[in-house]
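Okay, structure first, notes after.
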Amino acid sequence: MNDTNEKQTIDFWKKFQKIKYNMHKASLEDVEDILNNYNQGPYLVDGVNYHYNITPLDAACLNDRYKQLTGQDHPIFIREQEKVLDEMIKSGNGISVDGKPTIYQRLKNNLTGEGLGISILPNRKDSYIEKFDKIKFDISKASLEDVKDILDHYDQDSVLIDGMQYHFRPNALQGESLNARYKQLTRQDHPTFVKAQEEILNEKINDGEGINVNGNPTIYEQLKNNSVSIENHDHILNKTTKIMMNPQEASLEDITLLLNYYNGKPVIIDGVAHHPFNDPVSAAKLNSRYRELTGQDHPVFIEQAPQVIDGLMKDKNMLIQAGAYDTSYFDKLDSINQEIKTHNSEDAKKTFIDERDKQRRLDATVRSQQIETMRKSTQSNDKMSQMVDEPIKDNNIRGMSR
């Protein structure tokens, strides 16, 4: 091999070095030249044999670019890729994650059409990965096009970009928020999400993932049972900290809505499970503001606070020893409990007085109606008497009766 041929032979490698991080911009000539030399063995350069290896991941992405430009696969890629992959699989290369096929097996599945394959993206820009990064903190404002594009790929767990494997899949909670937005826009669930989510939740539950809060099932079990509320970014629980810090400046509507969730079930907002606050001291502050504005206690606070306090009191010694709370905290809980009982007693008394006064007013109204009826009846009788007396008088002639 002369020097000219040697230079021309390795030119493909130089081209590859230039475009390997931006394959979506590579020209057809460059891609074709590189793939023509895929898995073609060593090259003699200045009397030395060199192995210019292009990985099967790079080759798959190069072929994807070639196919984009020509509408078909590169023939040498098709011929050589399976050979390379078989060697990789046989040697045990590649890591299996969660029992799924290795990247090399998945690339082979792309060729055979059997089993789990892997998607290849030209680049990250404008892809569903980038779209998700842009909307994941406020999914409620995502467009139908973006949500659909993301959920169309919800059943995959990784993707190839420029010869690199990127692990990508919104987690189960993010998937729920995405599907909720899709359903809001289309009035139906996304089919890929529905199928994949069932498998994902079953895996999470079987693996024992998730934490039980207040004795409730894990978030994954609640999702499977459709017992979790999926809300948007403007939900009241996203304002918890702000309201807690300044309850005196909060509106009655915000105080009411937040107390509605006191010690309640979790809510998923933008792919995050928000477990409503259950601290009785914080709730008592909100309830004081609610009572100030309405003249009465919030019903959820009255119902839930004693239960929460009783649970804390049972573990009082353990919690103090663990340093979670000090004795003054439990003194506050005692005070809150007594205040609730006092208010309940006062409210019961007020309710009794209100009901009694209401009944008295009703009785007075009935008596008035009875008296009026009797008066009208008496007036009617008097008129009848007059009607009877008048003819008798008409039959009198100068004091003499006929």
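Worth knowing before you read on, the calculation uses all heavy atoms, side chains too, and leaves out hydrogens, waters and symmetry mates. These numbers come from a predicted model, not from an experiment.
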Do side-chain atoms of [X] reach the backbone of [Y] as a donor and acceptor pair under 3.5 angstrom?
X    : Y    : value
N263 : N278 : no
S227 : Q222 : yes
R65  : V31  : no
N179 : D189 : no
Q156 : F168 : no
T240 : L237 : yes
Q307 : Q304 : no
Q338 : D334 : no
N22  : K25  : no

Testing the basics here: between [X] and [Y], what is the closest heavy-atom pair and its distance to 0.1 Å?
X    : Y    : value
L201 : A172 : CD2-CB, 4.2 Å
N39  : E80  : ND2-OE1, 2.8 Å
P280 : I336 : O-CD1, 3.7 Å
Y290 : Q296 : CD2-O, 3.2 Å
I243 : I236 : CD1-CD1, 3.7 Å
L259 : V300 : O-CG1, 3.3 Å

Check the orientation of [X] and [Y]. Use parallel for under 30°, tilted for 30 to 60°, and perpendicular for over 60°.
X    : Y    : value
Y128 : H153 : parallel
F193 : Y154 : tilted
Y262 : F301 : tilted
Y325 : Y329 : parallel

Quick one: pull up [atom1] in [X] and [atom2] in [Y] and give me the separation to the nearest 0.5 Å.
X    : Y    : atom1 : atom2 : value
D254 : K239 : CG    : NZ    : 5.0 Å
L107 : I89  : CG    : CD1   : 8.5 Å
D11  : D33  : CG    : CG    : 6.5 Å
N232 : N238 : CG    : CG    : 9.0 Å
Q165 : I118 : CD    : CD1   : 4.5 Å
L35  : I76  : CG    : CD1   : 8.0 Å

Quick one, N109 with Q105, criterion side-chain hydrogen bond (donor to acceptor under 3.5 Å, both in side chains). Give me CA distance, side-chain angles, the key distance, then yes/no. CA-CA 6 Å; N109 291 343; Q105 183 62 58; 3.1 Å; yes
Does a side-chain heavy-atom distance below 4.5 Å link [X] with [Y]?
X    : Y    : value
T256 : T294 : no
H275 : Y261 : no
Y220 : D207 : no

Ion pair [X]/[Y], N-O distance below 4.0 Å:
X    : Y    : result
R289 : E292 : yes
K314 : D310 : no
E87  : K90  : no

Assess the residue pair Y38 and H74 against the criterion (side chain to side chain contact (heavy atoms under 4.5 Å, CB included)); give the C-alpha distance rounded to whole Å, side-chain angles, the decisive distance to 0.1 Å, and a yes or no. CA-CA 10 Å; Y38 178 47; H74 190 282; over 6 Å; no
Between I161 and C61, is the side chain to side chain contact (heavy atoms under 4.5 Å, CB included) condition met? List the steps. CA-CA 7 Å; I161 303 175; C61 291; over 6 Å; no
When you look at [atom1] of [X], are more than 12 heavy atoms from neighbouring residues, nucleotides or ligands closer to it than 6.0 Å?
X    : atom1 : result
K285 : NZ    : no
M313 : CE    : yes
K131 : NZ    : yes
E198 : CD    : no
Q188 : CD    : yes
E253 : CD    : no
K242 : NZ    : no
K265 : NZ    : no

Test log, rule side-chain hydrogen bond (donor to acceptor under 3.5 Å, both in side chains), inputs E221 and T218: CA-CA 5 Å; E221 291 170 315; T218 66; 3.2 Å; yes
Does a donor on one side chain sit under 3.5 Å from an acceptor on the other, for H24 and D64? no
Side chains of D270 and H233 only: does a donor on one sit below 3.5 Å from an acceptor on the other? yes
Worked verdict on L333 versus V308 for side chain to side chain contact (heavy atoms under 4.5 Å, CB included): CA-CA 10 Å; L333 296 187; V308 177; over 6 Å; no
Go through the steps for E29 and S27 under the test side-chain hydrogen bond (donor to acceptor under 3.5 Å, both in side chains), then give the verdict. CA-CA 5 Å; E29 178 186 355; S27 67; 5.1 Å; no
Yes or no on side-chain hydrogen bond (donor to acceptor under 3.5 Å, both in side chains) for N202 and K224, after CA distance, side-chain angles and deciding distance? CA-CA 8 Å; N202 286 336; K224 187 173 182 181; 2.6 Å; yes
Give the intermediate values and the outcome of side chain to side chain contact (heavy atoms under 4.5 Å, CB included) for residues M244 and L286. CA-CA 7 Å; M244 290 289 193; L286 294 179; 3.9 Å; yes
